[in-house]
Amino acid sequence: MSHGYLFLSGPVGSSGVAVPHYRGSRYFLMVLAAMVLGFFLAISSAWADGGTSVPNAVPPKGEHEGKNVEQPIEFPHNIHVDVNKINCMYCHTYARRSKVAGIPPTSKCMGCHLVIATDKPRIKKLTEYWEKKEPPRWKKVHDVPDYVHFTHEKHLKRFVFDNEGMSVDNVSEVCAFCHGEVKKMTVAHKVKPLNMGFCARCHEANKGPFDCWKCHK
Amino acid sequence: MSLDNILTNWSRYRKGAEEGGFHEYEHQWGMVVDLNKCIGCNACSVACYAENNLPVVGEKRCGKNQAMNWLRIERYWDEPDIEPYKAIPTANVDVWIEGNPPAKKTDLKPSMPSSYLPGLLEQGGQSFEERVGFDGTKSEFQDFGASFLPMMCQQCHAATCEPVCPVAATYHTPDGLNAQVYNRCIGSRYCSNNCPYRLRYFNFWSYYEDAWPEPLHMQLNPDLSVRDKGVMEKCTFCVQRIRVAKDMAKMENRKVMDGEFATACVQTCPTGALVFGDMQNPESQVSKLWSYHQVERGKTKQSKQNKELRGYRILEGLNTDPSVLYLERVREV
């Protein structure tokens, strides 16, 4: 996406005048090709970003290629959220009332999976954990440094509960601001940078607080 | 963008009261310290250590003035030649043990076995008894007339530390606090050199390496970071508690109430010598005390009507406009 923006607004792509700087038609063609490519990239990223139905919100911009984190069970977010339409906050229930979103206890998994899909290998693995009375050691994917204060609670209040015209059923689109489209993933991996620039840009666009001590501790 | 933000905020908060500099505060956290009630027990200091992840630096570094006590108890001695003290025979330990005077003064030993104090014992090859002189003849201290003054960051409204920071790591928040952003601090130490109260503490070492050996690291407060070497730090008025209180108030769509939370020192003080609150709220205990003692913000000299009132601010003549009001200690003379 960054390429797209560079070419659309940068000094090279914004005007064809920059082209005579390069001598020879080969360079000209290359630049032209890059411009065209950049244009399509920009269009596609604009589609990806603009395709949100969250009112009164400017989604934060930025991308990141996070490593795939190997979890004890390859939890399929896509089956739960995309296929079965389970709300994010059904499992990550602490998000709306505390700093952390929380990982559901195994009992919550077993609430359904005592009866649902018990023959699948992943569920069998889960049942093993349940019978051993041991929680699966889920690994943290989205982590901010220790010097950052972040509350899920207040962000959900701003973008979901106090947001006029926002349906709680669409909460996954608000989650996707920072977590990416988890409903298309199996186990989550980090697709947003979650660095200070990412936070600050969003706070600026959405008129969030801008005091250093609001987030730094 | 961020530089603009810093510069506009800076100039806004640097303006004096006469230029209308203060009007955009959300809160103005302030404190009152009643020195009449302070017994110098150091509980506030201990609470501060526990709350704010302060490392215990050890005796040697402490001797080099590197102790990280954000809240320190300063001890002052009354003049020994005040009349009432002259009347009392100097260093008469019998006074303390009424009706049961020791046969010889040298029989009186410190109640703590000296093996508990190995560091003190080694100093100068003297035993604890020899050095401190519990027989009442060698004491380096007066027996009477000590008074105590808890000294924490005064959260000045025209703080001298703020304009000298080259990287804007210390700035004024809309809460009326001197913030210290550890990530941004480069350790130039200009701020501590410019602080007239000497209330900024510098991490000369990576104290976290040995200050909390296993399992003690479990006591660290997760609500604020553990500072590394090369970073300046100071009392924050327990900003992590302020943050939680404000967050809770916001979630419940109300204002922060007076007495809803307190800083660690205020919470711990056994005699209630410390009071904390929002001075924007005219109903808060703090603002009532300030107005009762006729101490006003933004002044270098108070024009008190009643000279009997005890309130004063430390070094306010320097135009730092501190947020901590001290109530003078009254002595029977």
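Per chain, numbering begins at 1; letters A, B, ... match sequence-line order. Because the structure is predicted, anything quoted here is derived from the model rather than measured. Computed over heavy atoms, backbone and side chain alike; hydrogens, waters and symmetry mates excluded.
- Counting only distance, with no hydrogens or angles, the side chain of B:Y201 and the backbone of B:N69 share a donor-acceptor pair below 3.5 Å.
- Within the 3.5 Å criterion, the main-chain N or O of B:M232 finds no donor-acceptor partner in the side chain of B:R200.
- The choice from B:L177, B:D223, B:N183 that makes the most heavy-atom pairs within less than 4.5 Å of chain A is B:N183.
- For B:N221 (side chain) and B:E51 (main-chain N/O), a donor-acceptor pair under 3.5 Å exists by modelled atom type.
- Of the two parts of A:K214, the backbone and the side chain both hold a non-hydrogen atom closer than 4.5 Å to a non-hydrogen atom of chain B.
- Here B:V239 is the residue among B:V226, B:V239, B:V181 with the most heavy-atom pairs under 4.5 Å with chain A.
- Under the 4.5 Å side-chain criterion, counting only non-hydrogen atoms from C-beta, A:N163 is in contact with A:V54.
- Heavy atoms closer than 4.5 Å to chain B are found in both the backbone and the side chain of A:H216.
- Rounding to the nearest 0.5 angstrom, the gap separating the OH atom in B:Y182 from the NZ atom in A:K217 is 11.5 Å.
- Within the 4.5 angstrom heavy-atom criterion, no atom of B:I242 approaches chain A.
- Under the 3.5 Å distance criterion, the side-chain polar atoms of B:H157 are left unmatched by any main-chain donor or acceptor of B:D321.
- Using modelled atom types, no side-chain atom of B:S284 and backbone atom of B:D258 make a donor-acceptor pair closer than 3.5 Å.
- Both the backbone and the side chain of B:K250 have a heavy atom closer than 4.5 Å to some heavy atom of chain A.
- One N or O on the side chain of A:R201 and one on the backbone of A:K61 form a donor-acceptor pair closer than 3.5 Å.
- With sequence neighbours excluded, the residues forming a side-chain hydrogen bond (donor to acceptor under 3.5 Å, both in side chains) with B:T320 are B:Y197, listed by chain and number.
- Below 4.5 Å, heavy atoms of chain B meet no heavy atom from residues 68-92 of chain A.
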